[in-house]
Structures are given as C-alpha cells and as structure tokens.
Amino acid sequence: MVQGPKGTYDVLPPDQPLREAVITAARRIFQAAGYGRICTPTFEDTSLFERGVGLSSDIVRKEMYTFTDKGGRSLTLKPEGTAPVARAYIQHGMHKLPQPVKLWYYERMFRFERPQAGRFREHYQLGAEAIGSDDPALDVELIMMFASLYEALGVPEVELRLSSMGDGNCRPAYARKLSSFLASVLPGLCRDCQERVSINPLRVFDCKHESCLALLKGAPLLVDNLCHECQLHFDSVRRLLDLFQTGYRIDGTLVRGFDYYTRTTFEFECARLGAQKGIGGGGRYDGLVAEIGGPATPAAGFGTGLERIVLALKSADVAPEAAVIDVFIIGLGSQAREMAVKQLSRLRRLDIAVDIDYAGRKAKGQMKQADRLGSRFAVIIGENEIAAGRATVRDMGSGKQHAVLFAELPAWLLERIEARNCQ
RNA sequence: GUGGACGUAGCUCAGCUGGUAGAGCUCCGGACUGUGGAUCCGGCGGUCGUGGGUUCAAAUCCCAUCGUCCACCCCA
C-alpha cells in the first residue's frame, strides 16, 4: 500500500491535546509580550534562502526541497522561518511601523534529512522575530519568552546555552586567528574536521571526537575576541539575564547553523532527548534584512521545534486530558431514532458536545459507546420514552436516571453541564 | 550522504535448527430479548513490508528495494 512519505507523520486525534496545549501556551505568551501572528507561504523563491540562510550552510547545500514550477521559477519549501518573515517585513514596508515589529509564527518546515529521533523531513516550528531594534533587552525578552514557555508546559531538564557570534567587525579578525590556529593542528584533526576547516571553521567546535576536543582546548574562542561594541552588547545581555532567575551557561563553542547570525546566539537543550536534544535556538541577525534587499535593520529571533517539545513532555508524562463529550443519545427503534436525531440537533445548536450511534449498535453497545466517549450523560429514547413524552437521562457518573420532558431536555442538560464546567 | 538494528492481525508481540500462521489488547455479538465501566464465551480481522532467488517446501535462508528505529553529518 501507499505509505506517507519518508520522514513525515500523521497527527491523529489522540495526539492532538498535547500539541494543542503547546500551541495554546505559546500563543498566550507571545501575545502577552506584544507579538502579532504572521503566516508566510509554504514555499518561497529559492534565492531567499540562498541569500538569507547562506550558501555555506548545510541547509542550502543539501537539505532543501527545491522544485521548478510550471512557470519556470525555482521555488523551495521553507526550511526555516526567519528569512520568510524578514522578507515579509520588507515587502510590506513594516520598517515604516513603530519599531521594533514583533511577530510570531507557527509553521511547517521542510528539510531533506535522514529521519531519526526528534527529526523529520516535515516538522513544525513555533517562532518569534523582533525586527528593528538592536536593544540587548530585546534579546533577553526573546530568551525569557521561550524559557517561560518551557516552564509553563513543564518541559523537564531544560538548559540554556548562550554565546555571541560578534559582527562584521570582529568576526573576520577572529576567523583569521582561528584559521591559523587550526592550520597548526590540522594533521591531528579527524577527517570531518579537516573538511570543516575549509568550509566553515567555526564548525570544528561541534566535533565529538576526543582527540579533536583535546586539540581544540587551546583554540581561541569568538566570545573572547569580540570587538568593543559587541562586548558591550553581550555584557548587557548577560546583566539583564541575571535579573531573572534563569540559569544559563556561557558556551563559546556554541555555533548556530545559519550564516545570518550576529552577536547573541542561544540554544535551549533538553537532556531527556538523546542526540537531537536541541529543542530551540535563536539569536540576533542584524545583517539579514539588508542581505535580502531591505534597509539596514537589526533584529533577533527564535525558533523551537514542536515535535521535540512534545517528546520531552511525553518523557515527563505530561498528558493533558483527552476531549470528552457531554451527552450521548441512545435511540432504540426506528420511530424513536427520529426523535433522537431531532434532539441531537437541538442540543448541538446550544454548543453541547453530543453524539449518537451510527453503527447500528444494540442498546448495550450504545451504552458502551457512551462510556467510551466519556460522556457525562446518556439520553435514552425508546418506545417507552416516546409514549411518556419524557427522555430517560442517565448520569454516567452516578448511574442515576431521570425522566425529563423533551421540551425541557436542553435546559436540563445545559444547567448541569455548565455547573460541572465551573467546578 | 555514511554506519548499525528491525519490519508477522488496527495495536503490543510469539512463531526453536525451513514443513504453508498464534496470543493478548481493541472492535462486534452473546450470557444479561431497552442500559456502560467487572467476568466468561463466541466472532470479525493477516498479500507474514514489497519484489526476486535457493528449495519438493520459505514468516523462517540469500539478494534487492521500500519503510521504521538508533547513531554520524547537521539541525527544531
């Protein structure tokens, strides 16, 4: 049979409550911080990512879902969320709005990678971007927003790593310093690292080989080689972060994957997650807007993976209650069934969650279905009820039954359902 | 792209060194002719991922392919 494409997955009804809890909490936190939601297209002009994310990044080099449409355009399913938001900012003249412009999103991302735990070819990211300010307090606002999201949800064992990538002023000088150091130890590095040296030297810090780690102990770090302005900015971020009770670790070996990052970078990890333990990351990207054709505009942002949050929550047994139904209507006999269907629609109009049997079950089977669905009441309508003009309403919790006039049924149920909802 | 493990009923799995498939759960029904959550009984349900090969005979052995999982690269 035909299966879903490799690296994709279906979200079935039982999976929804947890995901919705994450999305709802994120929406609440973003809105409370003054971020407005933005949706950008599923695909963008390929050049947006080539220029924005950078040709040297793995994403652009080998992970993009790129295709040519019937008009001959090269388009790409978006592999990340920041470049599209920056594009929209420019396209809609948002630089004329009061700055910074604060936006959040919840979107699907696509990357052609080998799937593994916490990694998919299509995944969902929640993200926020604040464009138009270089205030270090903005970096901290973003960090704290996500820290409080993880905390509100109960994500276990979250750790924050913080670093600075410097800017166009200090990074080139540092790159030269690092390169000459790496040249001096080159023969001792693993093959992967030797390759990194030529493509993206900073990446050597990601290596897990003991021998490389030992050699790199003596390597110069970017955080120790910031220019005056970047140092002041970084110090300010740290001071502000210290105002909150959030722990963090300065990690000069933290390197983020996109070329557009400048100054502050950070990453949240969850120790429960195995190899793909990064649950979210972000930072400042003061050069991106200009890079893709807008005015010089400082900005900072963050993205976090829905699947990884969900995995972390599951590891901590966080499980919101499944959706239940208020009322299940049991119709017995063809004549009574017409009345049952009529009551069904009356109750639904009042926003009562109500369902009925469509599988031809016997009375016992329908009762069982009412129980399975978690309904609070079963409304039984048979020949006896039609004759008496009253439905038999069974409280599924206590097992007590009441005879209720059909005319009074909606009000009778509504009163009791609302009373319980308020508890 | 590289390396390793694994694909048997909707789900979780059993099936020894080849002799043409089982259990538990779920679902439907009965015991209880119109009443759930307990028990017992019965029933539905399988191209043994797919395609080749070896063999008298393949779920079982071999190859390929697809997929899943784990790790690397890298990333959410």
Side-chain angles (χ1 to χ4, degrees), chain A residues 1-9 12 14 22 53 56-64 78-82 106-127 146 190-193 195-196 199-200 203-204 206-209 255-258 267-270 273-282 302-312 328 330-333 336-337 340 357 359-386 392-401:
Chain A
M1 63 153 278
V2 179
Q3 302 184 21
K6 182 171 180 161
T8 65
Y9 63 98
L12 304 181
V22 175
V53 180
S56 76
S57 67
D58 272 45
I59 284 183
V60 173
R61 281 172 49 229
K62 53 184 191 186
E63 294 175 4
M64 295 206 298
K78 64 182 162 203
E80 62 95 44
T82 300
Y106 167 54
E107 311 246 29
R108 300 173 190 242
M109 306 295 166
F110 306 84
R111 292 181 202 168
F112 190 82
E113 297 182 274
R114 277 282 276 269
Q116 76 185 76
R119 170 189 291 162
F120 305 88
R121 290 188 168 178
E122 176 182 27
H123 75 282
Y124 293 77
Q125 268 186 47
L126 284 153
F146 284 87
C190 69
R191 259 178 56 204
D192 283 339
C193 279
E195 228 172 89
R196 290 182 177 111
I199 298 168
N200 192 345
R203 284 253 155 256
V204 296
D206 288 339
C207 192
K208 287 155 191 162
H209 287 107
V255 178
R256 305 227 68 245
F258 308 145
E267 204 161 276
F268 285 92
E269 290 180 348
C270 171
L273 252 39
Q276 263 55 56
K277 61 184 178 177
I279 54 174
F302 186 100
T304 189
L306 180 65
E307 293 79 1
R308 291 187 187 173
I309 293 177
V310 166
L311 281 173
F328 193 83
I330 295 173
L332 303 168
R337 179 150 170 100
D357 173 63
R361 292 182 183 88
K362 304 282 169 54
K364 185 187 172 79
Q366 294 193 41
M367 210 56 194
K368 196 166 187 154
Q369 181 68 358
D371 185 45
R372 264 194 299 249
L373 294 177
S375 67
R376 295 163 178 186
F377 296 98
V379 172
I380 300 159
I381 302 173
E383 305 304 324
N384 300 342
E385 283 73 15
I386 298 292
T392 299
V393 182
R394 181 181 178 87
D395 182 314
M396 295 298 283
S398 66
K400 281 185 185 151
Q401 299 196 167

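We use all heavy atoms of the structure for the numbers below, so side chains are in, but hydrogens, waters and symmetry mates are not.
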Write down the distance between [atom1] ([X]) and [atom2] ([N]), rounded to a whole number of angstrom.
X	N	atom1	atom2	answer
D357(A)	G36(B)	CG	C1'	14 Å
R191(A)	U2(B)	CZ	P	13 Å
E269(A)	A76(B)	CD	P	12 Å

Whether [X] side chain and [Y] backbone form a donor-acceptor pair below 3.5 Å:
X	Y	result
S57(A)	F258(A)	no
E195(A)	D192(A)	no
R121(A)	P115(A)	no

For the side chain of [X], starting at C-beta, report the closest nucleotide among [options].
X	options	result
F258(A)	U35(B), A76(B), A71(B)	A76(B)
R119(A)	A71(B), U35(B), C73(B)	C73(B)
D192(A)	G36(B), C73(B), A76(B)	C73(B)
H123(A)	C75(B), G36(B), A76(B)	A76(B)
D371(A)	C74(B), U35(B), G37(B)	G37(B)
F120(A)	A76(B), G34(B), C73(B)	A76(B)
N384(A)	G34(B), U35(B), A76(B)	G34(B)
A275(A)	C72(B), G37(B), G34(B)	C72(B)
A117(A)	G34(B), G37(B), A71(B)	A71(B)
Q3(A)	C73(B), C75(B), G67(B)	G67(B)

Is [X] touching bases, backbone alone, or none of the nucleic acid, heavy atoms closer than 4.0 Å?
X	answer
G331(A)	nothing
G333(A)	nothing
E267(A)	nothing
E80(A)	nothing

If we call it a pair only when both distances are under 3.5 Å in a Watson-Crick or G-U wobble match, what pairs with [N]?
N	answer
C61(B)	G53(B)
G29(B)	C41(B)
G1(B)	C72(B)
C6(B)	G67(B)
U35(B)	none

Is there a side-chain contact between I380(A) and L332(A) (heavy atoms, below 4.5 Å)? yes
Check: F328(A) and V379(A) side chains under 4.5 Å, non-hydrogen atoms: no
[N] OP1/OP2 closer than 4.0 Å to side-chain N/O of [X]:
X	N	value
R203(A)	C75(B)	yes
K362(A)	G34(B)	no
R108(A)	A76(B)	no
K368(A)	C27(B)	no
R372(A)	U26(B)	no
R111(A)	C74(B)	no
R114(A)	C74(B)	no

Heavy-atom neighbours of Q401(A) CD exceed 12 at 6.0 Å: yes
If each of K6(A) and K277(A) is mapped to the nucleotide of RNA chain B with the nearest heavy atom, which maps nearer the 5' terminus, i.e. the 5' end? K6(A)
Taking the six-membered ring for Trp, are F120(A) and Y9(A) ring centroids under 6.0 Å apart? yes
